[in-house]
Amino acid sequence: MQMSEVRVRFAPSPTGNLHVGGARTCLFNWLFARSMGGKLILRIEDTDPARFQEGSVGQIIRSMKWLGLDWDEGPEVGGPCEPYFQSQRTEIYQKYLQQLLDEGKAYYCFCTPEELEAQRAIQRERKQPFRYPRTCRNLSKEEVERRIAAGEPHSIRFKIPTSGHLRVNDIIHGRMDFDLTQFDDFVIAKTNGTPTYNFAVVIDDHLMGMTHVLRAEEHIPNTPKQILLFQALGFEVPEFGHMSMILAPDRSKLSKRHGAQSVEEFQALGYLPEALLNYLTLLGWSPEGNQEIITKEETVKQFDMNKMSHKGAVYDIKKLYWINGQYLNSLPLERIAKDAEPFFVAAGLITEEWLQEEANRNYLSHLVDVVRVRVKTLQEIVDASTYFFRDFAEYDEKGVRKFFTPEGIAQLEICRSRVAAQEAFDEASLETLYNTLAEEAGIALGKVIQPSRLALSGRTVTPGMFDMMVLLGKEKTLARMDQAIAYGKGLERA
Ligand code: GLU
């Protein structure tokens with residue numbers, strides 16, 4: 001392992017799926033590694049079985065892959081620092097726990113949960129924050145040995161200096177100063193012997209050669225504890241950078257009530273990975289000239305971690321939606337059509353079997369081409385396409401009042417007979433036909449088109465009408481016109 005190269009990590013705890021906050025942490029580590037020609041390590045922090053959620057590792061990995069955030073070492077790819085699951089590194093941690101105990105930098109604590117709770121109650125009453133009163137810090141060697149031999153349950157605590165300050169130069173926040181008297185002799189190994197997060201993280205960040213620790217702001221209180229551990233163990237301390245919180249539009253903490261949170265949810269709603277990545281990039285960093293649409297390749301070229309914002313980033317789903325629309329229309333048609341396929345299948349408009357036919361795939365691609373200009377997500381492509389696959393008996397109410405008037409229906413009848421007589425059924429010929437009809441009737445083209453549009457789709461807003469006719473084909477076009485004429489006449493009689 002070359003120590004001069006940048007080595008960063010994404011270290012999720014598998015407690016659920018990958019949410020926007022985690023995805024952003026992962027993205028910025030990825031950007032930093034890629035822009036510096038360094039390495040991204042994926043490490044799974046699964047030391048706490050109580051919080052572990054079955055299937056979570058798979059979900060996180062799937063989401064990272066979907067977003068195109070690849071890692072150089074970790075699950076699936078291996079690497080020189082294996083294993084990359086903390087649950088498989090217990091023996092490694094034991095060795096360093098022992099080192100701290102032997103050097104008198106950590107100690108056994110025999111306080112029971114009840115005793116600790118009693119202490120907590122006293123301090124609560126005095127309106128003081130809880131701080132472990134260091135009851136076991138200075139027990140004699142003999143007493144410790146005796147109590148261990150007697151089988152008394154014990155944890156291991158880290159000895160914090162009782163005075164002084166710790167200064168940290170955070171890459172994003174600048175200088176931070178921590179008063180050590182405010183810190184506890186925190187637990188580094190629980191009663192059951194498993195190391196705590198703060199301990200395992202330090203051992204792994206050292207053994208995995210991390211040069212930078214770039215993570216969420218909520219970890220700031222852990223940073224001084226970890227730095228003290230690095231120092232106590234004689235390890236080189238990496239650089240730290242803490243990314244600002246992602247806030248809801250009302251600047252409150254982001255939560256479920258603010259809508260989709262996880263990468264999988266966005267995927268299911270029909271967002272594109274490029275758009276989500278682009279959006280997450282803007283949550284905390286600004287490209288040159290405040291450009292809003294920027295590919296990840298371009299971001300890698302421009303990326304400068306020193307320009308990351310320390311202010312809370314406001315989560316704005318409308319902006320993500322807009323960005324998605326931009327990508328939906330600029331990415332190659334084949335790609336968007338392919339991505340749209342499962343959404344069409346899920347809506348029950350087509351089947352996997354139907355997709356086996358090349359002609360059908362071509363049809364779908366043509367449809368997506370015509371529809372995508374007006375919508376912003378893959379799901380919206382499907383929602384805007386149902387009438388191409390399904391017949392309907394209802395028409396948009398407002399549209400009926402406006403366009404299925406006696407004149408509108410009379411106009412539709414003329415259109416119907418001319419379309420029936422039309423040989424060439426392509427966009428250009430149909431456009432010429434409707435232009436001629438408008439001239440003959442001495443009315444605007446739009447007026448001639450509207451009743452036909454409503455007849456063919458049941459809607460007043462659709463893609464271009466001639467595109468729509470070609471996609472429906474002559475037979476269906478005529479059948480729908482017939483149905484609308486009958487419907488309109490029924491209204492007149494009523
Ligand atoms: N496992 C921690 C979490 O999921 C991250 C720890 C770290 O980045 O230091 O929040």
Side-chain angles (χ1 to χ4, degrees), residues 6-33 38-53 55-61 63-64 69 71 73-75 81 83-90 93 158 168 170-173 176 178 186-188 190 194-230 233 235-246 253-255 261-263 280 284 305 308:
V6 160
R7 288 178 63 85
V8 289
R9 83 294 198 280
F10 176 51
S13 304
T15 54
N17 44 23
L18 186 62
H19 56 89
V20 282
R24 187 186 62 152
T25 302
C26 180
L27 166 66
F28 280 100
N29 277 290
W30 183 90
L31 283 171
F32 185 53
K39 295 265 172 359
L40 174 67
I41 286 86
L42 173 61
R43 180 174 73 222
I44 306 297
E45 306 212 318
D46 54 351
T47 48
D48 188 353
R51 291 175 62 224
F52 185 81
Q53 202 181 309
S56 166
V57 176
Q59 279 174 327
I60 292 171
I61 286 182
S63 291
M64 284 175 70
L69 299 173
W71 56 99
E73 292 173 27
C81 309
Y84 291 93
F85 286 80
Q86 287 191 327
S87 58
Q88 295 166 22
R89 299 174 63 80
T90 325
Y93 305 131
F158 180 54
V168 185
D170 187 279
I171 303 165
I172 298 166
H173 291 263
M176 296 195 286
F178 299 94
F186 58 94
V187 173
I188 53 177
K190 297 180 213 162
T194 58
T196 57
Y197 155 71
N198 274 314
F199 187 76
V201 117
V202 168
I203 304 304
D204 291 345
D205 282 345
H206 168 70
L207 293 178
M208 296 181 181
M210 293 303 121
T211 54
H212 299 75
V213 170
L214 193 55
R215 60 186 172 194
E217 204 170 71
E218 66 196 19
H219 285 291
I220 289 179
N222 291 321
T223 300
K225 297 183 189 176
Q226 294 174 11
I227 291 178
L228 291 171
L229 276 169
F230 274 105
L233 287 155
F235 298 160
E236 199 179 324
V237 183
E239 300 238 23
F240 286 88
H242 291 91
M243 275 173 267
S244 57
M245 293 267 286
I246 301 182
K253 192 168 184 279
L254 198 59
S255 72
Q261 299 285 295
S262 73
V263 173
L280 292 173
M305 187 154 51
M308 284 187 68

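Both counts, for ligands and for their atoms, begin at 1 and track the order of listing.
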Chemist: Considering the heavy atoms of Arg215, write down every atom of ligand 1 situated less than 4.0 Å from one of them.
Modeler: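 In order of number, 7 (C), 8 (O), 9 (O).
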Chemist: Any heavy-atom pair between the side chains of Val263 and Val20 that's under 4.5 Å?
Modeler: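 No, side chains not in contact.
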Chemist: Does the side chain to side chain contact (heavy atoms under 4.5 Å, CB included) test come out yes or no for Leu27 and Leu69, once each step is laid out?
Modeler: CA-CA 7 Å; Leu27 166 66; Leu69 299 173; 4.0 Å; yes
Chemist: Can you report which non-hydrogen protein atom sits closest to atom 5 (C) of ligand 1, along with the distance?
Modeler: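 For this ligand atom, the closest protein heavy atom is Ala11 O, 3.3 Å.
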Chemist: Got Pro75 and Ile44 here, is their nearest side-chain heavy-atom distance under 4.5 Å?
Modeler: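 Counting from C-beta outward, Pro75 and Ile44 do come under 4.5 Å.
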Chemist: Hey, which atoms in ligand 1 end up nearer than 4.0 Å to a heavy atom of Glu45?
Modeler: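 Checking each atom against Glu45, I get 1 (N), 2 (C), 5 (C), 6 (C).
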Chemist: With side chains defined as the heavy atoms from C-beta onward, is the minimum distance between Phe186 and Leu229 less than 4.5 Å?
Modeler: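 A side-chain contact under 4.5 Å exists here.
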Chemist: Taking the six-membered ring for Trp, is the centroid-to-centroid distance between Tyr197 and His219 below 6.0 Å?
Modeler: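 Ring centres of His219 and Tyr197 closer than 6.0 Å.
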Chemist: Taking Pro83's backbone N and O only, do any of them form a donor-acceptor pair with Arg89's side chain (distance below 3.5 Å, no angle check)?
Modeler: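 Answer holds: yes.
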Chemist: Is ligand 1 less than 4.0 angstrom away from at least one heavy atom of Phe10?
Modeler: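 Contact absent.
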Chemist: N/O of Glu218 under 3.5 Å from N/O of ligand 1, yes or no?
Modeler: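 No - when backbone and side-chain N and O of Glu218 are compared with those of ligand 1, no distance drops under 3.5 Å.
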Chemist: Are Asp204 and Tyr93 linked by a side-chain donor-acceptor pair shorter than 3.5 Å?
Modeler: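 There is such a pair between these side chains.
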Chemist: Suppose we measure from atom 10 (O) of ligand 1 to each protein heavy atom; which comes out shortest, and what is that distance?
Modeler: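 Scanning the protein heavy atoms, the shortest distance from atom 10 (O) of ligand 1 goes to His219 NE2, 3.0 Å.
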Chemist: How far is atom 3 (C) of ligand 1 from its nearest protein heavy atom, and which residue and atom is that?
Modeler: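 Looking only at protein heavy atoms, the one closest to atom 3 (C) of ligand 1 is Ser13 OG, 3.6 Å.
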Chemist: Determine whether any heavy atom of Gln226 lies closer than 4.0 Å to an atom of ligand 1.
Modeler: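 Checking ligand 1 against Gln226, which is what was asked, there is no heavy-atom contact under 4.0 Å.
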Chemist: For atom 8 (O) of ligand 1, what's the nearest protein heavy atom and its distance?
Modeler: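 Here the closest protein heavy atom is Arg9 NH1, 2.9 Å.
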